[in-house]
**Student:** 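Below is a structure I'd like to ask you about.
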Amino acid sequence: MRIGITCYPTYGGSGIVATELGLELANRGHQVHFITYANPIRLSERPDILYHEVEVSNYPLFQYPPYCLALASRMAEVAEQYELDLLHVHYAIPHSVSAMLAKGILSSSRRLPFVTTLHGTDITLVGMDRSYYPITKYSIEQSDAVTAISEDLRRHTVEVFDVTKPIETIHNFVNADLYRPSEERTPGPPRMIHLSNFRPVKRVADCIRVLAEVRKTVDAELWMVGDGPERGAAERLAHDLGLTCSVKFLGKRNDVPALLREADVLLMPSEMESFGLAALEGMSSGVVPLGTTVGGVPELITHGQDGFLTAVGDVEAMAVHAADLLGDLDRCRAMGRAARRTAEERFSTELIIPKYEAMYRRVVEGG
Ligand code: GMT
């Protein structure tokens, strides 16, 4: 099939899922086109995948340059030129609206169905905002197919938007060859890792507080990977708690698989996660995830089996699990192997990509 993919090509999970999906589809012989405002970070070195930049020209009259319209025009142009079979947009706002317009633009010459994948905040935050609610609901209903990255998000969307359109849950996936446990770790203290865009919803300060608790009994360190608005506050907290030497703020990195291989425990104290892709990447790398009982996280982590779940903000409980694991690395490694099994058996590309392919076939055939 010839597939056009649109996403936010940044460090967010939805962009990573879209990019990894594009790579996997290309590996399976599909012709993949990315239509975005920047080249998705993980796409480099793949000449078989085409990238079409969306340029938004500005005009003094525009206080807000209309990206959604420029994207729609570009989608229609690329679809016509390369005879695309369908568009697959990640994150509803504004991508599904643009896809809907592109479909309309071409309606007299070719059929251009589009699939919308909901990732979380496009529904739980942005979509529920009054300024976007009606258009989010409308674009979901107008999509030829809709998927959600967890059962929790699917249920939430149906409830909040009162949509009758069937939404299929297709969980996120991980490339288990890329994210794999290491045979040998570089020597060093037991290590925790946190990986996010450091937005308030990620509660990054909780990671620092967990480290402070853990270090009362175990000489552990913490790697903070990523960047965002809460980084400064987290660095100050680490300083105030006297932890500067045991926390490393590594910033945005492209070598995430290698960093994960060096960790024992992954901290994800988020207030909300519709799935929690970072935890899955950690699990696939044999790292034990400590998450919160929110959103789709319990669909990924089974408490006590392949990780631990605690209530949002319960730093002490999360620290107890972390200290137990880091104080007994044999137990930690055994649980890391269980986490790896979960990633391979339930969230592998081999299992999940065919679900998207089947959905594409249905929409292309007009089902
Ligand atoms: O967090 C966001 O604002 C959006 C999105 C992103 O681009 O990172 O994150 C969501 O999609 C990820 C990939 O499907 C999920 O793993 C995240 O759990 C989800 N974030 C939230 O629900 C907060």
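Residue numbers start at 1 and run along the sequence shown. Ligands are counted one by one from 1 in listed order, and the atoms in each one are counted from 1 as well.
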**Student:** Is the closest basic N to carboxylate O distance between Arg362 and Glu168 below 4.0 Å?
**Tutor:**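 Looking at Glu168 together with Arg362, the answer is yes, because their closest N to O distance falls below 4.0 Å.
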**Student:** Counting both backbone and side chain atoms, is some N or O of Tyr91 under 3.5 Å from an N or O of ligand 1?
**Tutor:**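 Between Tyr91 and ligand 1 (N or O atoms, distance only) the closest approach is not under 3.5 Å.
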**Student:** Would you say Phe275 and ligand 1 have an N/O pair spaced under 3.5 Å apart?
**Tutor:**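 Yes; the residue has a nitrogen or oxygen that sits under 3.5 Å from a nitrogen or oxygen of the ligand.
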**Student:** Classify the contact between Ile149 and ligand 1 as side chain, backbone, both or neither, using a heavy-atom distance cut-off of under 4.0 Å.
**Tutor:**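 Looking at Ile149 and ligand 1, just side chain atoms fall under 4.0 Å.
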**Student:** Kindly confirm or rule out an N or O of Val201 lying under 3.5 angstrom from an N or O of ligand 1.
**Tutor:**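 Among all N and O atoms of Val201, none is under 3.5 Å from an N or O of ligand 1.
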**Student:** Do ligand 1 and Gly276 have nitrogen or oxygen atoms that lie under 3.5 Å from each other?
**Tutor:**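 Yes, since at least one N or O of Gly276 sits under 3.5 Å from an N or O of ligand 1.
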**Student:** Looking at Glu357 and Arg361, is there a salt bridge between them, counting it only when a charged N and a carboxylate O are closer than 4.0 Å?
**Tutor:**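 No, this pair does not count.
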**Student:** Quick test of your reading of the structure: of Met272, His119, Glu281, Lys202, whose heavy atom lies closest to atom 14 (O) of ligand 1?
**Tutor:**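 When every heavy atom of Met272, His119, Glu281, Lys202 is considered, His119 comes closest to atom 14 (O) of ligand 1.
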**Student:** What do you reckon, does Arg199 have a nitrogen or oxygen under 3.5 Å from a nitrogen or oxygen of ligand 1?
**Tutor:**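 Yes, there is a polar N/O contact under 3.5 Å.
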**Student:** Charged N to carboxylate O below 4.0 Å: is that the case for Arg191 and Glu262?
**Tutor:**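 Yes.
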**Student:** If you count the atoms of ligand 1 from 1 in the order shown, which ones are under 4.0 Å from a heavy atom of Asn172?
**Tutor:**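 Those atoms are 13 (C), 14 (O), 16 (O).
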**Student:** Does a side chain donor of either Glu273 or Ser270 reach within less than 3.5 Å of an acceptor in the other side chain?
**Tutor:**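 Yes, side-chain donor-acceptor contact under 3.5 Å.
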**Student:** Fit a plane to each ring of His119 and His90, take the angle between them on a 0 to 90° scale, and name the class: parallel (under 30°), tilted (30 to 60°) or perpendicular (over 60°).
**Tutor:**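 Plane angle between 30° and 60°, so tilted.
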**Student:** Below 4.0 angstrom, N of the basic side chain to O of the carboxylate: do Asp264 and Arg185 qualify?
**Tutor:**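 The answer is yes: the pair qualifies as a salt bridge.
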**Student:** Show, in sequence, the C-alpha distance, side-chain angles and deciding distance for Ile35 and Val54, and conclude whether the side-chain contact (heavy atoms from CB on, under 4.5 Å) test is met.
**Tutor:** CA-CA 7 Å; Ile35 310 168; Val54 180; 3.9 Å; yes
**Student:** Mark up the atoms of ligand 1 that fall under 4.0 Å of a heavy atom belonging to Leu277, in ascending order.
**Tutor:**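 Counting from 1, the qualifying ligand atoms are 16 (O).
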**Student:** So, regarding Thr121 and ligand 1 (criterion: nitrogen or oxygen to nitrogen or oxygen, under 3.5 Å), is there a contact or not?
**Tutor:**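 Yes, Thr121 has an N/O under 3.5 Å of an N/O on ligand 1.
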**Student:** Ion pair present between Glu141 and Lys137, side-chain N to carboxylate O less than 4.0 angstrom?
**Tutor:**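 Looking at Glu141 and Lys137, the cut-off is met.
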**Student:** Of the backbone atoms (N, CA, C, O) and the side-chain heavy atoms from C-beta on, which set of Tyr8 has a member under 4.0 Å from an atom of ligand 1: side chain, backbone, both, or neither?
**Tutor:**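 Answer for Tyr8: neither.
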**Student:** Heavy atom under 4.0 Å from ligand 1: found in Asp122's side chain, backbone, both, or neither?
**Tutor:**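 For Asp122, no heavy atom sits under 4.0 Å from ligand 1.
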